[in-house]
Every structure is written in structure tokens, then in C-alpha cells.
Amino acid sequence: MSNDRNGDPAEASQPEAPERQSNFIRDTILQDIANGKHGGRVHTRFPPEPNGYLHIGHAKSICLNYGLAQEFGGKFNLRFDDTNPTKEETEYVDSIIEDVRWLGADWEDRLFYASDYFPQLYEYALLLIRKGKAYVCDLTAEQIREYRGTLTEPGTESPWRNRSVEENLDLLERMKAGEFPDGTRTLRTKADMASANLNLRDPIMYRILHAEHHRTGNTWCIYPMYDFTHGQCDSIEGITHSICTLEFEDHRPLYDWYIQELGIFAPQQLEFDRLNLTYTLLSKRKLLALVQDNHVTGWDDPRMPTLSGIRRRGYTAEAMRTFCSRIGVSKTNGMVELGLLEHAVREDLNQRALRVMAVLNPLRVVIDNYPEGRTELMECVNNPEDASAGTREVPFSKTLYIEQDDFREDPPKHFYRLSPGREVRLRYGYLVTCTSVVKNEKGEVVEVHCSYDPATRGGNTPDGRKVKSTIHWVSAEHAIEAEVRLYENLFLTEDPNDSSRGQEWTENLNPKSLEVVAHPKLEPSLKHAKAGTSYQFERLGYFCLDRDATPDKPIFNRTLGLRDSYAKIDKAKAKK
RNA sequence: UGGGAGGUCGUCUAAUGGUAAGACUGCGGCCUCUGGAGCCGCGUAUCGGGGUUCGAGUCCCUGCCUCCCAGCCA
């Protein structure tokens, strides 16, 4: 076996088929295909409720469902589970469509809504009534709860359970016609009030809701419950594998019951674990609260784990897909480390980001022996990982800005950057040596003076001498103004839901999750930064133009910092 | 104390009765005009106790722990 990694470039550029990780769902499908189940057909779907924006957890489901359909030459549907008009909005529908598309999942012409099936669902309900398997119940919500029993005690049957088929038919018709106010009656399944599975204790099929639906308007005033909708929708669409999350495991017997009583196509439901991510909240309810209580600026705030948020933050769809395939699928309740996501993002951005120089905390540097008024254009590589990205010219002059962190008057051990008497390389510029510093009244260094070596133009060392450090810079007179937004985790605790000390989850919020750098100094090429392009501010991190930017004032979001091994030693020392 | 589902390195996931593997993290080294990237190496795991078997993470029994379910939400 050869260790030579610089072999045939054609071979090196072969796109490696992504190693498909085995998982129990894929195994099941493989087996079903082998057994000729559904004629070897594979049809999956992603069924969101349009009551909020999609987040990273949904990405896992989308990638799983779409990935499986793709791998086995099957089909993938997008279907909105819109059975609760009081919580659902068109805004959410639109954002979900955009997000699923962004992730790269293709539903072709199969965009559906559960509400498309309302008439069919109603027919199913009539059928169950006729079969004596459903009844109209006059119990109030509170009474239904009491009759339901508890986890350890069986429920008791509703006094309305044995109405005649005719009466049930009549009552349902009148419920549908709007004769009764909200909450006065329900249509219930006649199942088993003594079942150990609470979902089988005569679950509600229809409730009265005089509410306008985002698609059906005021056509209906009774709406089917999710449990009476989801399985049949999958059936109608011919979904072979209904993949959902663990909490629906208990509902499967009910779905199967409906399917069997109705005598319709039977999809197979498979349940997997939903994603939990450290330092991240993935609950629509709580994300909505963050938005409504203005803890963030909106659903697409770059600190949000929503797909629109991370997209605005600069995460790529490619990185999301990689992440989703790496975390795998199982039934264990785990918590994935945020670092795994961040690794996938860095890995992708490292390949594609254009390198530029930007100084966030400027410190003035004057090169005493550099000619006054002179400007040189230095050729800089745009992306060392991708030669086709080419080069650009960056102006160099007598007065520059460097990062405050890159200078220490009294350098600690392992600090290799600029300090009095020390020579460093200005990236693509010259080698400079610090000769003196200027301080303010408070004793802070406000300006650094250096001398440069004219023989080192471009940062080269013809004599072969080494410098320990290369730092970035921006020419003072050419620097452009901008705003840079630095993000930290939205939560301080690994588990944002942790309320072990009795505090509200909102108290786990990180007050410093957003830091605005009002006056950074950016290299002039960034004047023409493009939305949707990732930039690496060298030695700092990955950034992208925010949608708040204007032609006069670019605004950049920090997607993610670069790994920083000096920061690591620094931190390790601080701990000791 | 009902029902359902789970428990493999610090984390996530494989191993489908036959050498417990990979990724992330961590640590060490090499390399470098980004302390970036890359490369090399090291480390750590089958929840406990019994049993079946030539052989058990896998099968059986038993104990422990975790998650989900009592919405006219999905």
C-alpha cells in the first residue's frame, strides 16, 4: 500500500460515493425490497405542520426521507399536516417550502396538504360510523379527560357511546353544518376504554372548530385530529414507509386500526429518535416563544437553529446534509454535540470560502522606513484549497491596522505574534520588526512602530529565514467601514431545557450571544461582497453578508470562528 | 405501581452468534506565508448479575437506569 497522496490527480478528484451508513430503517427497506413488499416500491414523505419554521431537527427527517427515496429510486412527497387552523399560517407554509428546497430535497409535483383530503377523511368517518366504530360524544373536554382514566386505571365508557348509527350520522352532519358551538361535541372512535394504551381509549376523530383555515377558508367548521388524519394521508399517497419520531410509537396501533377498519393501503410506520443538540433548543413551541418575546430578532435570526436562521448565518445546505448523514439514525435518546455540526460546517466552508483580510479590533501600525504616500498592490491567493478561485490585489501602505490580539508589549510564553523587537510576517506583505510603541495617558498601546525589510515583498524570504508568525492586516487609508456581527451560542447550558435549579429555561439564555463590531477595518475588495458567498476572514473565521447590508454599509455575520490552537493553550493555562 | 421504546468509547453511530469499528472531541507529533487547512500517532466503551454456546454487544432469565404517553396539539 502506497503512502503517496500526490498520485494521479484524476484519481484524487474522483467524487467518492458517500458511504451510506447502515441504520435500522434502511435495513428494513432493504429487506422489504428483497421480499418484494409493495412491489419493491419505496415512497417516503416529509409531513410538517405549518405552525412554525423548520429547524435542524427537521433537516434530519428531510435528509432521511429524501435520502432513502433517492437511494432506492423511489419517490418523496412534501405534505403539510394542516389539521389545526388555529395554529397554522401561510407564512409558515412558504418558509417550509423554501427550506426544504434549500436542503435539496425534491418533491417534484407532489406537494400536498392534509386539507386536500378533508372530503375523503369525512367519508372515512361516515364509513366508521356505519360500521358502528365511531360515535358522536357530547361530553365536555373536562369530562372526556375524567372518563379517560389514568396511566394505571382504565377509563370508563362515555354515556353517548351507544347512540344509533342514524343518530350518529345525523349529528355528525349537523356538526359539519355548523349547528353546534365549538367544544360541544366530538366524533370519537369506538375502540377500547380499558386499553393500556391511552391512544386507544376512544380517541377523538373530529372536533368542532369555527376557525378559518389557511387553505380551505370557512368551508369546514369541524376538523380532523392528527391521529385520524396522518395515517390515512400516508395511505392515500401510497407512502410505503411512514418515517416519524419516537413519540408516535404509541400511536401506531391506532393508525393500523384505522387502516384496517377502512380497508385501505397500509403503509409501514417506522419511528426514529429526534435530534437533540447541545446548547440548542429544538422545540417549536420554545422557538416561537423566543421570537414572540424578542429574545431574538425573528425566526431567521442567525442565532436560531431554524434552517432560515442557520442559512442566514452562513451554514451551507451541503454541510447540513453531511451532518445529517454523520449523526445517523437510531432509536436511542441521545444528545449530539454541537461540535459535530460545527465540524461539518468548517469542513465545507474551508473548501469554498474566499479568503480575505479583515481587522476586527484595530491597532494602528506605522512602518517608519516605508515611503510616505506609497501604495503597493499585493497579490493574494483567494482560496488555497481551490486554485481556480484565483488571486486578487490588496493595497499595502505605510500605515496599517492589525488585530490588537496580535500584539503584546510583554508577550507570554508561546505567544509568537508581534512584540517589541520581534519580526513577524504581514501576510502577502512584508516582514516587519516592531521598533517602538506609543501609549495613551492610561498606558495603553495605541500605536506600534515597525521597520520593514524591502527584500521580503509579498511576504517572501529570499534568504530563507523563518518567522514564527504571520499576521493579517488592512491598509488604513484603503480600509472600508462595515459592521460585523459575532455570534455565540444562544444558550449557556449544554441542555437549554435544564431547569434543575428551578429556573425558567429562558434563564439559560446567553446574554452575550450577539456582539456587534461597529468599526472593523476590511480590505477594499469586500466592498463588492456578494450575498450567499462565504468568506474566510483569515485567521478569524467564516463570514457572510447579512441581508441587513446596504450598498453603503456591508454587514457581515460570523458563521463560525476558525479553530484556534493558541486560544486553546491560552484557555488551558487559564484553567490551571 | 399501566403501556410503549431504549441502554456500545466523553459524544453520535457501526458490528445482523465469530478479531468491538468509524466519525467528532481530547492528547502528542509532523507540516505550514492563516497558531487555519492537511498529515501521522495515542487514548477511552458493550448498564449489573446469572445462563445457553466451542464462541455472546448480539440469544434466554433477572435486576437497574433513561425516554415517551392521561390535548377537542402535531
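Here is how names work: the chains are called A, B, and so on, in the same order as the sequence lines, proteins then strands, and each is numbered from 1.
Where A/Ser330 and A/Leu139 meet RNA chain B, the nucleotide closest to each residue was compared, and A/Ser330 sits on the side nearer the 5' end. Taking for each of A/Arg145 and A/Arg207 the nucleotide of RNA chain B with the nearest heavy atom, the 5'-most of the two is the partner of A/Arg145.
Nucleotides B/G10 and B/C42 are separated by 16 Å at their C1' atoms, to the nearest Å. B/A20 and B/U58: their C1' atoms are spaced 11 Å apart (whole Å).
Distance, A/Asn350 CG to B/U34 P: 13 Å, rounded to whole Å. Between the CG atom of A/Leu209 and the P atom of B/C72 there is a distance of 12 Å, given to the nearest Å.
Electrostatic pairing of A/Glu403 and A/Arg417 does not count as a salt bridge here, judged by no charged N lying under 4.0 Å from a carboxylate O. Salt bridge A/Arg145/A/Glu142: absent, no basic N to carboxylate O contact under 4.0 Å. Salt-bridge annotation for A/Glu423 and A/Arg465: present, with a side-chain N of the basic residue lying under 4.0 Å from a carboxylate O of the acidic one. Look at A/Arg201 and A/Asp192 and you find no salt bridge, because none of the NZ, NE, NH1 or NH2 atoms lies under 4.0 Å from a carboxylate O. Between A/Arg215 and A/Glu88 no salt bridge is recorded (no basic side-chain N to carboxylate O distance below 4.0 Å).
Distances were taken from every side-chain heavy atom of A/Ser565 (C-beta onward) to each of B/G35, B/U34, B/C12; the shortest belongs to B/G35. Among the nucleotides B/A5, B/G35, B/U16, the one closest to any side-chain atom of A/Lys331 is B/A5.
Within the nucleic acid shown, A/His472 has no heavy atom closer than 4.0 Å to any nucleic acid atom. If you check every strand for non-hydrogen atoms under 4.0 Å, A/Glu49 touches sugar and phosphate atoms only. Residue contacts for A/Leu151: at a heavy-atom cut-off of 4.0 Å it reaches a base atom on one of the strands shown. At the heavy-atom level, A/Val467 lies nowhere under 4.0 Å from the strands shown. A/Gly334 comes within 4.0 angstrom of the backbone, heavy atoms only, and of no base. Within 4.0 Å (heavy atoms only), A/His251 reaches at least one base atom of the nucleic acid.
Aromatic ring pairs are classed by plane angle as parallel below 30°, tilted from 30° to 60° and perpendicular above 60°; the pair A/Tyr566 and A/Phe415 is perpendicular.
Residue A/Thr83 places none of its side-chain N or O atoms closer than 4.0 Å to OP1 or OP2 of B/C73. Applying the 4.0 Å criterion to OP1 and OP2 of B/A5, one finds that A/Thr332 has every side-chain N and O outside that range. An OP1 or OP2 oxygen of B/A74 is reached within less than 4.0 angstrom by no side-chain nitrogen or oxygen of A/Arg285. Taking 4.0 angstrom as the limit, A/Arg355 places none of its side-chain polar atoms (N or O) nearer than this to OP1 or OP2 of B/U34.
At least one test fails for A/Arg79 against the ring of A/Phe112: distance under 6.0 Å to the centre or angle within 45° of the axis. Annotation: cation-pi geometry satisfied between A/Lys176 and A/Tyr122 (NZ/CZ under 6.0 angstrom from ring centroid, within 45° of ring axis). Cation-pi check for A/Arg185 over A/Phe180 is met; the charged atom lies under 6.0 angstrom from the ring centroid and within 45 degrees of its normal.
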Kindly express the pairing pattern of RNA chain B in dot-bracket notation, using | wherever a base pairs with another strand and counting only Watson-Crick or G-U pairs under 3.5 Å. .((((((..((((....[..)))).(((((.......)))))....(((((..]....))))))))))).....
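Interface remark: the A/Arg252 side chain does not form any donor-acceptor pair with the B/G4 base, using a distance-only criterion of under 3.5 Å. Checked by distance alone, A/Asn333 brings no side-chain donor or acceptor within 3.5 Å of a matching partner on the base of B/G6.
Considering A/Thr470, A/Thr456, A/Asn460 as possible partners of A/Arg425, the one that fulfils the side-chain hydrogen bond (donor to acceptor under 3.5 Å, both in side chains) test is A/Thr470.
For B/G22, the base is anti relative to its sugar; the glycosidic angle deviates from 0 by more than 90°.
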Quick one: which protein N/O atoms are closer than 3.5 Å to N/O atoms of nucleotides 21-30 of chain B? Pair and distance per line, please.
residue, atom, partner, partner atom, Å
B/C24, OP1, A/His343, NE2, 3.4

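Annotation: proximity of residues 380-391 of chain A to RNA chain B (heavy atom, distance under 4.0 Å) is found for A/Pro384, A/Glu385, numbered in ascending order.
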